[in-house]
Amino acid sequence: MEIIDILMPWFREHQRDLPWKSNREPYKIWVSEILLQQTRVEQAKPYFERFISRFPDVSELASAHLDELLHLWQGLGYYSRARNMHAAAKQVMETFGGRFPTTAAELALLKGVGPYTSAAVAAFAFDEPVVALDGNVFRIFSRLYANPTPVDTPAGRRIFSSLALESMGAAPSSLFNQALMDFGSAVCAPQPKCGHCPLSALCRAYALGQTQAFPVKQPKKPPRPRYFYFLHISLGADTFVQQRTAKDIWQQLYQFPLIETDRPVSPSLVPELPDWQTIFQEQEVCITGWTNPYLHRLTHQIIHARFVRINIDSPSRWLRENCLQIPLSRIDKFGVPRLMERYLLDE
């Protein structure tokens with residue numbers, strides 16, 4: 001029996017009920033796929049509902065202010081996704097005349113749309129015969145064939161794409177891709193449920209007793225540590241925030257003034273750092289407290305952060321020129337990194 005002959009009946013019985021599965025609108029499918037990058041399904045659901053409510057079509061998204069989008073995105077992380085979505089929506093309006101692209105090749109021209117997302121939208125919205133290669137697909141086919149080719153290499157992409165396409169046969173691309181995703185989530189998961197797997201008789205890794213050996217990936221580099229000292233400066237009921245504009249993490253989000261060092265610095269020595277002197281010059285400040293360290297893990301970085309609480313009587317020239325002075329009570333109107341949101345919730 002072929003893989004497709006087993007997989008599709010399983011899917012008809014066990015498919016997941018997700019809010020973005022009930023339509024074939026490319027815009028909504030694209031939104032859901034971007035949300036699901038680096039985000040669990042359960043976490044993405046409420047964001048999808050709020051996003052579509054506020055931006056029901058691509059023209060609404062394109063005309064929105066980026067700050068509003070980033071604020072709506074707050075808590076999801078990987079904010080480049082939101083910035084890229086905004087740019088892609090403008091592309092659809094300006095380059096495609098408001099018509100969402102209909103092929104994987106055209107979709108790949110949009111900002112932030114890579115091979116997986118372009119294939120997913122093309123398959124789910126238009127049944128183009130392509131396979132959206134995600135972790136589920138790599139896991140399923142590397143185990144089925146006990147193939148040791150690293151999945152995070154060009155060779156791996158070619159091999160597993162070919163195996164998946166061969167297995168699709170004449171099945172509708174939209175259903176086949178969704179079946180793979182649901183099967184990889186429910187059965188052929190990182191901790192596989194081989195005892196309940198209808199494909200176990202065809203699985204070479206299962207026959208060898210080596211399901212946990214697949215998929216194979218290249219060794220990862222250790223994450224880079226970074227040391228952040230956020231200055232929570234109070235002037236009466238006001239505080240100061242600045243927007244991150246450099247090409248770095250959290251671009252376009254707002255934060256307290258930040259001092260970054262290449263190694264940990266004890267609290268008593270932070271006021272002696274050159275950046276502290278730049279921010280406050282000769283101004284008298286009153287340090288009222290320090291937080292314990294906050295650890296924030298990103299894909300390739302680990303942020304070690306502390307927040308220092310400071311009272312001042314007047315803003316320094318640097319604060320006036322580089323920051324916004326806002327009531328602390330209004331900080332929830334600004335998109336801030338998840339790390340800073342955690343601190344504010346603790347206050």
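For the numbers below, each heavy atom of this structure counts, side chains included, while hydrogens, waters and symmetry mates do not.
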Are [X] and [Y] within salt-bridge range, i.e. N to O under 4.0 Å?
X	Y	answer
Glu106	Arg99	yes
Arg24	Asp127	yes
Lys28	Asp57	no
Asp152	Lys217	no
Asp248	Arg244	yes

Give, for atom OG1 of Thr149 and atom CG of Leu163, the distance between the pair rounded to the nearest 0.5 Å. 9.0 Å
Under the side-chain hydrogen bond (donor to acceptor under 3.5 Å, both in side chains) test, residues paired with Thr39 that sit two or more places apart: Arg81
Would you say [Y] and [X] are linked by a side-chain donor-acceptor pair, where the criterion is simply a distance under 3.5 Å?
X	Y	value
Asp238	Gln325	yes
Glu282	Gln277	no
Tyr343	His232	yes

Residues 104-131 vs ring pair (Phe, Tyr, Trp, His ring centres under 6.0 Å), sequence neighbours excluded, gives none
Given Phe230, which of Trp290, Phe307, Phe256, Tyr294 fulfils the ring pair (Phe, Tyr, Trp, His ring centres under 6.0 Å) condition? Phe307
Could you label the plane-to-plane angle of the Tyr27 and Trp30 rings as parallel, tilted or perpendicular, counting under 30° as parallel and over 60° as perpendicular? tilted
Stepwise salt bridge (Lys or Arg N to Asp or Glu O under 4.0 Å) test for Lys45 and Glu49: CA-CA 6 Å; Lys45 282 182 179 180; Glu49 301 288 2; over 6 Å; no
Any side-chain heavy-atom pair of Leu180 and Asn136 under 4.5 Å: no
